[in-house]
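Notes to accompany the following structure.
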Amino acid sequence: MTTEGSYRRTESWKDVSETEWEDWHWQLRNRIVGIEDLKKIIQLSPEEEEGIKNSKGRLLMAITPYWASLMDPEKPYCPIRRQAVPRIDEFYTSPNDMVDPCGEDHDSPAPGLVHRYPDRALLLATEQCAMYCRHCTRRRLVGTEDELPAPHKLDQAYEYIRSNRKIRDVLISGGDPLTLSNERLEEIIKSVKSIPHVEFVRIGTRVPVTLPQRITEDLLLMLKKYSPIWMSIHFNHPKEITRRVKKACDMLSDAGIPLGSQTVLLKGINDKPYIMKKLMHELLKLRVRPYYIYQCDPVRGTAHFRTTISSGINIMEKLRGHTSGYAIPTYVVDAPGGGGKIPVTPNYVVSQKVGVYTLRNYTGKTYIYHEETEEIGVASGIEKVSAA
């Protein structure tokens, strides 16, 4: 397991007490948002300097001291660093770039709500995150210094969910809902849970990874009041899994909150099968069940992060059969324009005809599977035995 970059903390935050360092409010107040402050922590490359100077408006740079303590100060291609520090690559456009690649705005019947699938809805509780990931698919919405949205702004979303009895599952996301105060987050959870036909509530977050100090006993006591609540945590690289992150995940699991992971496939960060396998193994050790690997969405400014789909298929090929089934997430492409998640897998069906499938296993060997049909059963003299 990776250890926390304490040597970086000693140099850059030598006067910070342990109490302050472990205070999530302190971490947020002291985020690195300017180029001069970042230069005190890492040696910036020319590409990074240009990226930071051009990073204005949405998706500002904001890095928690905790996350910054994990960055390699000398290597621009450090996977921790690349996810947090803007590069000039973000300002090169691709003909495939889209502002809203998942078509969320089109499927929004009320402010802060996305309803695409029949029985579930996405509630965008805030536009703020602890750290702004440079591959963010909602960069059109998040990453400003604006104040948090007023509580009443979600009233229309609650009313829509209440009026649509098909919705049984609500994912609370953003931004990151765990950047909200316990009181504000409880208001949202309580409002959703009060709707009789909502039976499943999830929180989508990256905070346990970028700001693990946020997982406090007070937060857990509040969440336990509304059990069951599930949590989907965004992990991208094994180096993100530190002792401090393990402590946060242990606290969540011990509080009875089931944990799943979501990972974005990123070029130069986690697009090698051995890295992804290592990540999945480390997640299981945290009691986090690998859930999804996402193909990086074609959102504007992320072309340098996007791999080929064949890279994702190759990773799945190297996982299936080569490691525990629990360590194998579903690889999906969120169809551009709002088509939803489409699972993409290696093809294990070599050929098929009526009643006969030729299949291959993870080693490439082929096997024949014969289906039992009604005609075969009659011809073979097989009889159905009715219950007495």
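Quick caveat, the model's predicted, so the values are computed rather than measured.
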For side-chain hydrogen bond (donor to acceptor under 3.5 Å, both in side chains), just list the numbers for Ser191 and Ser194, CA-CA rounded to whole Å, side-chain angles, deciding distance to a tenth of an Å, and then say yes or no.
CA-CA 5 Å; Ser191 296; Ser194 69; 5.6 Å; no

Do the side chains of [X] and [Y] join up, straight or via other hydrophobic residues, at under 4.5 Å, putting them in one cluster?
X      : Y      : result
Leu154 : Ile203 : yes
Ile172 : Tyr291 : no
Met276 : Val333 : yes
Ile293 : Ile313 : yes
Ile167 : Ile195 : yes

[X] vs [Y] side-chain heavy atoms within contact, under 4.5 Å:
X      : Y      : result
Trp24  : Ile215 : no
Ile88  : Lys53  : no
Thr205 : Met231 : yes
Ser261 : Ile233 : no
Phe91  : Glu50  : no
Leu283 : Leu259 : no
Glu49  : Lys39  : yes
Leu219 : Arg214 : yes

Does this structure show an ion pair linking [X] with [Y], if we count only N-O contacts that are shorter than 4.0 Å?
X      : Y      : result
Glu240 : Arg206 : yes
Arg287 : Asp254 : yes
Asp37  : Lys40  : yes
Glu187 : Lys190 : no
Asp97  : Arg306 : yes
Arg244 : Glu22  : yes

So, for [X] and [Y], which heavy atoms are closest and what is the spacing to 0.1 Å?
X      : Y      : value
Ile229 : Tyr226 : CG1-O, 3.4 Å
Pro329 : Met316 : O-CE, 3.0 Å
Cys129 : Thr179 : C-CG2, 3.7 Å
His197 : Asn164 : NE2-O, 3.1 Å
Ser173 : Arg138 : OG-NH1, 3.5 Å
Ser311 : Leu265 : C-CD2, 4.5 Å

Decide if the gap between the ring center of Tyr92 and the ring center of His304 is smaller than 6.0 angstrom.
no

What distance do [X] atom [atom1] and [Y] atom [atom2] have between them, rounded to the nearest 0.5 Å?
X      : Y      : atom1 : atom2 : result
Asp250 : Arg243 : CG    : CZ    : 13.5 Å
His234 : Thr263 : NE2   : OG1   : 6.5 Å
Asp89  : Arg82  : CG    : CZ    : 7.5 Å
Thr345 : Arg320 : OG1   : CZ    : 9.0 Å
Lys193 : Phe200 : NZ    : CZ    : 9.5 Å
Thr126 : Asp176 : OG1   : CG    : 8.5 Å

Are the side chain of [X] and the backbone of [Y] linked by a donor-acceptor contact shorter than 3.5 Å?
X      : Y      : value
Asp297 : Val299 : no
Arg116 : Gly338 : yes
Asn270 : Leu266 : yes
Arg139 : Arg134 : yes
Arg360 : Asn347 : yes
Ser55  : Gly51  : no
Asp107 : Val114 : no
Ser163 : Glu159 : yes
Gln27  : Tyr66  : yes

Decide if atom [atom1] of [X] counts as having more than 12 heavy atoms of other residues, nucleotides or ligands within a radius under 6.0 Å.
X      : atom1 : answer
Tyr357 : OH    : no
Tyr362 : OH    : no
Tyr369 : OH    : no
Arg289 : CZ    : yes
Trp230 : CH2   : no

Any side-chain donor paired with an acceptor under 3.5 Å for [X] and [Y]?
X      : Y      : result
Thr137 : Tyr294 : no
Asn361 : Thr363 : yes
Thr19  : Ser17  : no

Is the charged tip of Arg87 near the ring of Tyr77: under 6.0 Å from the six-membered ring centre and within 45° of its axis?
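That pair qualifies as a cation-pi contact.
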
Starting from the C-alpha separation in whole Å, work towards a yes-or-no answer on side chain to side chain contact (heavy atoms under 4.5 Å, CB included) for Ile315 and Lys277.
CA-CA 8 Å; Ile315 287 172; Lys277 183 189 289 187; over 6 Å; no

Under the side chain to side chain contact (heavy atoms under 4.5 Å, CB included) rule, what do Ile189 and Met222 come out as? Steps first, then yes or no, please.
CA-CA 10 Å; Ile189 295 172; Met222 183 275 287; 4.3 Å; yes

Could you walk me through whether Arg81 and Asp72 satisfy the salt bridge (charged side-chain N to carboxylate O under 4.0 Å, His left out) test, starting with their C-alpha distance in whole Å, then the side-chain angles of each, then the deciding distance to 0.1 Å, before giving a yes or no?
CA-CA 7 Å; Arg81 180 167 161 173; Asp72 189 305; 5.3 Å; no

Intermediate values then yes/no, side chain to side chain contact (heavy atoms under 4.5 Å, CB included), Gln213 and Trp26:
CA-CA 10 Å; Gln213 294 85 353; Trp26 181 90; over 6 Å; no

Once you measure the plane-to-plane angle for Phe305 and His135, does it fall in the parallel (<30°), tilted (30-60°) or perpendicular (>60°) bin?
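It falls in the perpendicular class, over 60°.
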
Run the side chain to side chain contact (heavy atoms under 4.5 Å, CB included) check on Asn30 and Glu20 step by step: do they pass?
CA-CA 10 Å; Asn30 289 275; Glu20 288 177 309; over 6 Å; no

